[in-house]
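This is a predicted model, so every value here is computed, not measured.
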Amino acid sequence: MTLEPASSKARPSGMNATPQAADDELSAIISSAARQPLLDAAYELWRQRHRLDTIAGRPTAEEIRVNRTLTPEQLSGKYRHDRDHAHEGPMFGYVKRAHPRADDRAIRQAIMTAVKFEDEYNKQFDWNGDFWNCVVRAVAQAGRKYPDYLETTYRDARNDLAYYMK
(Lines give C-alpha, C1' and ligand atoms only; values in the text may rest on other atoms or scores of the structure.)
Protein backbone atom coordinates (compact mmCIF):
# COMPACT_ATOMS: atom_id res chain seq x y z
CA MET A 1 0.00 0.00 0.00
CA THR A 2 1.43 3.35 -1.03
CA LEU A 3 0.64 6.52 0.83
CA GLU A 4 2.19 8.92 -1.67
CA PRO A 5 0.51 10.02 -4.90
CA ALA A 6 2.01 8.61 -8.06
CA SER A 7 3.63 11.95 -8.87
CA SER A 8 4.50 15.04 -6.92
CA LYS A 9 2.11 17.01 -9.13
CA ALA A 10 -0.76 15.00 -7.69
CA ARG A 11 0.26 15.80 -4.11
CA PRO A 12 -1.90 18.59 -2.69
CA SER A 13 0.22 21.13 -0.90
CA GLY A 14 0.05 24.67 0.33
CA MET A 15 3.82 24.72 -0.05
CA ASN A 16 3.60 25.26 -3.79
CA ALA A 17 3.40 29.05 -3.45
CA THR A 18 5.79 30.61 -5.90
CA PRO A 19 8.18 33.38 -4.99
CA GLN A 20 6.23 35.56 -7.43
CA ALA A 21 3.02 34.99 -5.45
CA ALA A 22 4.83 35.99 -2.26
CA ASP A 23 6.22 39.09 -3.97
CA ASP A 24 2.74 39.97 -5.21
CA GLU A 25 1.27 39.58 -1.73
CA LEU A 26 4.05 41.67 -0.18
CA SER A 27 3.55 44.35 -2.84
CA ALA A 28 -0.20 44.41 -2.20
CA ILE A 29 0.30 44.86 1.55
CA ILE A 30 2.83 47.65 1.02
CA SER A 31 0.69 49.29 -1.67
CA SER A 32 -2.25 49.39 0.73
CA ALA A 33 -0.09 51.04 3.39
CA ALA A 34 1.31 53.52 0.86
CA ARG A 35 -2.15 55.04 0.39
CA GLN A 36 -2.14 56.20 4.00
CA PRO A 37 -0.19 58.87 5.85
CA LEU A 38 3.17 57.70 7.20
CA LEU A 39 2.01 57.15 10.79
CA ASP A 40 -1.01 55.09 9.74
CA ALA A 41 1.06 53.17 7.18
CA ALA A 42 3.56 52.21 9.88
CA TYR A 43 0.75 50.96 12.10
CA GLU A 44 -0.86 48.98 9.26
CA LEU A 45 2.43 47.31 8.42
CA TRP A 46 3.16 46.69 12.12
CA ARG A 47 -0.24 45.00 12.45
CA GLN A 48 0.70 42.69 9.61
CA ARG A 49 4.23 41.94 10.81
CA HIS A 50 3.54 38.23 11.31
CA ARG A 51 2.30 37.86 7.74
CA LEU A 52 5.22 39.92 6.44
CA ASP A 53 7.64 37.73 8.39
CA THR A 54 6.05 34.59 6.94
CA ILE A 55 6.38 35.94 3.41
CA ALA A 56 10.03 36.80 4.07
CA GLY A 57 10.74 33.33 5.48
CA ARG A 58 11.08 34.41 9.10
CA PRO A 59 11.64 32.97 11.50
CA THR A 60 14.12 30.63 9.89
CA ALA A 61 14.33 26.99 10.94
CA GLU A 62 17.46 27.84 12.93
CA GLU A 63 15.69 30.74 14.71
CA ILE A 64 12.81 28.43 15.58
CA ARG A 65 15.25 25.84 16.95
CA VAL A 66 16.97 28.47 19.11
CA ASN A 67 13.66 29.97 20.30
CA ARG A 68 12.53 26.55 21.49
CA THR A 69 15.52 26.36 23.81
CA LEU A 70 14.79 29.70 25.52
CA THR A 71 13.27 29.90 28.97
CA PRO A 72 10.01 31.84 29.30
CA GLU A 73 11.99 34.74 30.78
CA GLN A 74 14.47 34.71 27.89
CA LEU A 75 11.66 34.49 25.35
CA SER A 76 9.90 37.43 27.00
CA GLY A 77 13.13 39.43 26.91
CA LYS A 78 13.63 38.60 23.23
CA TYR A 79 10.04 39.61 22.47
CA ARG A 80 10.51 42.95 24.26
CA HIS A 81 13.85 43.56 22.54
CA ASP A 82 12.31 42.87 19.12
CA ARG A 83 9.51 45.36 19.85
CA ASP A 84 11.86 47.97 21.29
CA HIS A 85 14.04 47.76 18.19
CA ALA A 86 11.36 47.24 15.52
CA HIS A 87 12.46 50.47 13.83
CA GLU A 88 15.89 48.93 13.22
CA GLY A 89 14.70 45.70 11.63
CA PRO A 90 12.78 44.61 8.55
CA MET A 91 9.83 46.86 9.44
CA PHE A 92 11.94 49.88 8.49
CA GLY A 93 12.34 48.51 4.95
CA TYR A 94 8.62 47.84 4.59
CA VAL A 95 7.65 51.34 5.69
CA LYS A 96 10.39 52.83 3.51
CA ARG A 97 8.95 50.96 0.52
CA ALA A 98 5.50 52.33 1.33
CA HIS A 99 6.80 55.89 1.78
CA PRO A 100 10.09 56.11 -0.15
CA ARG A 101 10.30 59.90 0.07
CA ALA A 102 9.87 60.00 3.85
CA ASP A 103 12.80 60.96 6.02
CA ASP A 104 14.45 57.93 7.67
CA ARG A 105 14.11 59.51 11.11
CA ALA A 106 10.37 60.07 10.51
CA ILE A 107 9.97 56.44 9.46
CA ARG A 108 11.72 55.19 12.58
CA GLN A 109 9.58 57.45 14.75
CA ALA A 110 6.37 56.26 13.03
CA ILE A 111 7.33 52.62 13.68
CA MET A 112 8.16 53.30 17.33
CA THR A 113 4.86 55.14 17.72
CA ALA A 114 2.92 52.25 16.16
CA VAL A 115 4.50 49.78 18.59
CA LYS A 116 3.82 52.04 21.57
CA PHE A 117 0.23 52.63 20.45
CA GLU A 118 -0.36 48.87 20.27
CA ASP A 119 1.26 48.41 23.68
CA GLU A 120 -0.92 51.17 25.10
CA TYR A 121 -4.26 49.80 23.97
CA ASN A 122 -3.28 46.34 25.16
CA LYS A 123 -2.32 47.81 28.54
CA GLN A 124 -5.60 49.77 28.71
CA PHE A 125 -7.76 46.73 28.03
CA ASP A 126 -9.75 45.86 31.15
CA TRP A 127 -12.33 43.13 30.92
CA ASN A 128 -14.92 44.90 33.00
CA GLY A 129 -18.31 44.81 31.31
CA ASP A 130 -19.43 44.14 27.77
CA PHE A 131 -16.49 42.80 25.72
CA TRP A 132 -16.86 45.18 22.78
CA ASN A 133 -17.28 48.17 25.08
CA CYS A 134 -14.05 47.16 26.83
CA VAL A 135 -12.27 47.04 23.46
CA VAL A 136 -13.64 50.42 22.38
CA ARG A 137 -12.72 51.98 25.73
CA ALA A 138 -9.13 50.63 25.60
CA VAL A 139 -8.49 51.96 22.09
CA ALA A 140 -10.12 55.29 22.95
CA GLN A 141 -7.87 55.65 26.00
CA ALA A 142 -4.81 54.81 23.90
CA GLY A 143 -6.06 57.20 21.23
CA ARG A 144 -5.97 60.07 23.71
CA LYS A 145 -2.26 59.41 24.19
CA TYR A 146 -1.74 58.82 20.44
CA PRO A 147 -4.22 61.21 18.78
CA ASP A 148 -2.67 61.54 15.31
CA TYR A 149 -4.07 58.45 13.62
CA LEU A 150 -6.90 58.32 11.11
CA GLU A 151 -10.24 56.98 12.32
CA THR A 152 -9.73 53.92 10.11
CA THR A 153 -6.58 53.11 12.07
CA TYR A 154 -8.46 53.27 15.37
CA ARG A 155 -11.07 50.98 13.82
CA ASP A 156 -8.36 48.52 12.80
CA ALA A 157 -6.88 48.73 16.30
CA ARG A 158 -10.27 47.89 17.82
CA ASN A 159 -10.64 44.92 15.50
CA ASP A 160 -7.12 43.66 16.28
CA LEU A 161 -7.60 44.07 20.01
CA ALA A 162 -10.91 42.22 19.88
CA TYR A 163 -9.33 39.41 17.86
CA TYR A 164 -6.39 38.94 20.22
CA MET A 165 -8.40 39.30 23.44
CA LYS A 166 -11.23 36.97 22.48
Visitor: Between Asp148 and Asp40, what is the shortest heavy-atom contact and its length?
Guide: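 In this case the closest contact between Asp148 and Asp40 is O-OD2, 4.3 Å.
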Visitor: Rounded to the nearest 0.5 Å, what's the gap from CG on Asp103 to CZ on Arg108? Could you check?
Guide: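 Those atoms lie 8.5 Å apart.
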Visitor: Taking the six-membered ring for Trp and the full ring for Phe, Tyr or His, determine whether the centres of Tyr121 and Phe125 are under 6.0 Å apart.
Guide: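 Tyr121 vs Phe125: aromatic centres not under 6.0 Å.
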Visitor: Can a salt bridge be assigned to the pair Asp82 and Lys78 using a cut-off of 4.0 Å between side-chain N and carboxylate O?
Guide: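 Result for this pair is yes, salt bridge flagged.
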Visitor: Quick check for you: to the nearest 0.5 Å, what is the distance between Arg65 atom CZ and Asn67 atom CG?
Guide: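 Here the rounded value is 10.0 Å.
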Visitor: Just so I know, are the side chains of Phe131 and Val135 near enough to count as touching, which here means a heavy-atom distance under 4.5 Å?
Guide: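 A side-chain contact exists here, since the closest heavy-atom pair is under 4.5 Å.
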Visitor: Does a side-chain heavy-atom distance below 4.5 Å link His99 with Pro37?
Guide: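 The answer is no; the side chains never approach within 4.5 Å.
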Visitor: Regarding Glu44 and Thr153, do their side chains bring together a donor and an acceptor under 3.5 Å, going by distance alone?
Guide: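 No donor-acceptor contact under 3.5 Å links the two side chains.
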Visitor: Dump the intermediate steps for side chain to side chain contact (heavy atoms under 4.5 Å, CB included) on Glu25 and Arg51, then the final yes or no.
Guide: CA-CA 10 Å; Glu25 184 176 2; Arg51 183 67 198 132; 2.6 Å; yes
Visitor: What closest approach, in Å, do Trp132 and Asn159 show between heavy atoms, and which atom pair accounts for it?
Guide: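 Result for this residue pair: CH2-OD1, 3.8 Å.
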Visitor: So how far is it from Ile64 CD1 to Thr69 OG1, rounded to the nearest 0.5 Å?
Guide: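 Going from CD1 on Ile64 over to OG1 on Thr69, the span is 12.5 Å.
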Visitor: Please report the C-alpha distance between Ile55 and Asp23 in whole Å, then the side-chain angles of each, then the deciding distance to 0.1 Å, and finally whether the side chain to side chain contact (heavy atoms under 4.5 Å, CB included) criterion is met.
Guide: CA-CA 8 Å; Ile55 293 169; Asp23 285 344; 5.9 Å; no
Visitor: Would you call Asp126 and Arg137 a salt bridge, taking side-chain N to carboxylate O under 4.0 Å as the test?
Guide: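 No salt bridge links Asp126 with Arg137.
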Visitor: Could you grab the distance from atom CG of Leu161 to atom CG of Asp156, nearest 0.5 Å is fine?
Guide: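 With rounding to 0.5 Å, CG (Leu161) is 12.5 Å from CG (Asp156).
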Visitor: Tell me yes or no: between the side chains of Asp24 and Gln20, is some donor less than 3.5 Å from an acceptor?
Guide: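 Yes.
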Visitor: Do Met112 and Leu52 belong together in a cluster built from hydrophobic side chains that touch within less than 4.5 Å?
Guide: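 No, it is not one cluster - the side chains of Met112 and Leu52 are not joined through contacts under 4.5 Å.
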Visitor: Using side-chain heavy atoms (C-beta onward) and a distance below 4.5 Å, is Phe117 in contact with Lys145?
Guide: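 No. Closest side-chain heavy atoms not under 4.5 Å.
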Visitor: Looking at Met91 and Leu45, what are the two nearest heavy atoms and their distance?
Guide: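 Result for this residue pair: CE-O, 3.5 Å.
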Visitor: Group every Ile, Leu, Val, Met, Phe, Trp and Tyr by side-chain heavy-atom contacts under 4.5 Å, then state whether Leu39 and Tyr154 land in the same group.
Guide: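 Hydrophobic grouping puts Leu39 with Tyr154.
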Visitor: Would you check, one step at a time, whether the test side chain to side chain donor-acceptor pair (under 3.5 Å) holds for Glu118 with Asn122?
Guide: CA-CA 6 Å; Glu118 182 185 64; Asn122 279 298; 4.9 Å; no
Visitor: Return the CD to CD1 distance between Gln109 and Ile107, rounded to the nearest 0.5 Å.
Guide: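 Gln109 atom CD to Ile107 atom CD1 measures 12.0 Å (nearest 0.5 Å).
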Visitor: In Å and rounded to the nearest 0.5 Å, what is the NZ to NZ distance from Lys116 to Lys123?
Guide: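 NZ of Lys123 is found 11.5 Å from NZ of Lys116.
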Visitor: Describe, in one word, how the ring planes of His87 and His85 are oriented to each other, choosing from parallel (under 30°), tilted (30 to 60°) and perpendicular (over 60°).
Guide: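 If you compare the ring of His87 with that of His85, the planes turn out parallel.
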Visitor: What are the two closest non-hydrogen atoms of Ala34 and Ala98, and how far apart are they?
Guide: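 For Ala34 versus Ala98, the nearest heavy atoms are CB-O, 3.3 Å.
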Visitor: Taking the ring centre of each residue, are Tyr43 and Tyr146 less than 6.0 Å apart?
Guide: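 No - the distance between ring centres of Tyr43 and Tyr146 does not fall below the 6.0 Å cut-off.
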Visitor: Go through the steps for Arg80 and Asp84 under the test salt bridge (Lys or Arg N to Asp or Glu O under 4.0 Å), then give the verdict.
Guide: CA-CA 6 Å; Arg80 178 49 48 201; Asp84 289 345; 3.3 Å; yes
Visitor: Are Tyr149 and Thr113 side-chain neighbours, meaning at least one heavy-atom pair lies under 4.5 Å?
Guide: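 Heavy-atom side-chain distance check passes, below 4.5 Å.
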Visitor: Do Tyr79 and Arg83 meet the criterion of a side-chain donor-acceptor pair at a distance under 3.5 Å?
Guide: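 On atom types as modelled, these side chains qualify, holding a pair under 3.5 Å.
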Visitor: Between Trp127 and Val139, is there shared hydrophobic-cluster membership here, with clusters defined by ILVMFWY side-chain heavy atoms closer than 4.5 Å?
Guide: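 Same cluster: Trp127 reaches Val139 through Ile, Leu, Val, Met, Phe, Trp or Tyr contacts under 4.5 Å.
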Visitor: Phe92 versus Asp104: any side-chain heavy-atom pair under 4.5 Å?
Guide: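 Contact flag for Phe92/Asp104 side chains = yes.
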Visitor: For a quick test of reading the model, state the closest non-hydrogen atom pair linking Val115 to Ala86 and the distance between them.
Guide: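 Nearest pair, atom of Val115 first, then Ala86: CG2-CB, 4.0 Å.
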Visitor: List the steps and the verdict of side chain to side chain contact (heavy atoms under 4.5 Å, CB included) for Met165 and Cys134.
Guide: CA-CA 10 Å; Met165 292 298 178; Cys134 295; over 6 Å; no
Visitor: Looking at every non-hydrogen atom in both residues, tell me the closest pair between Ala102 and Lys96 and how far apart they are.
Guide: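 Answer, listing the atom of Ala102 first, then Lys96: O-NZ, 2.9 Å.
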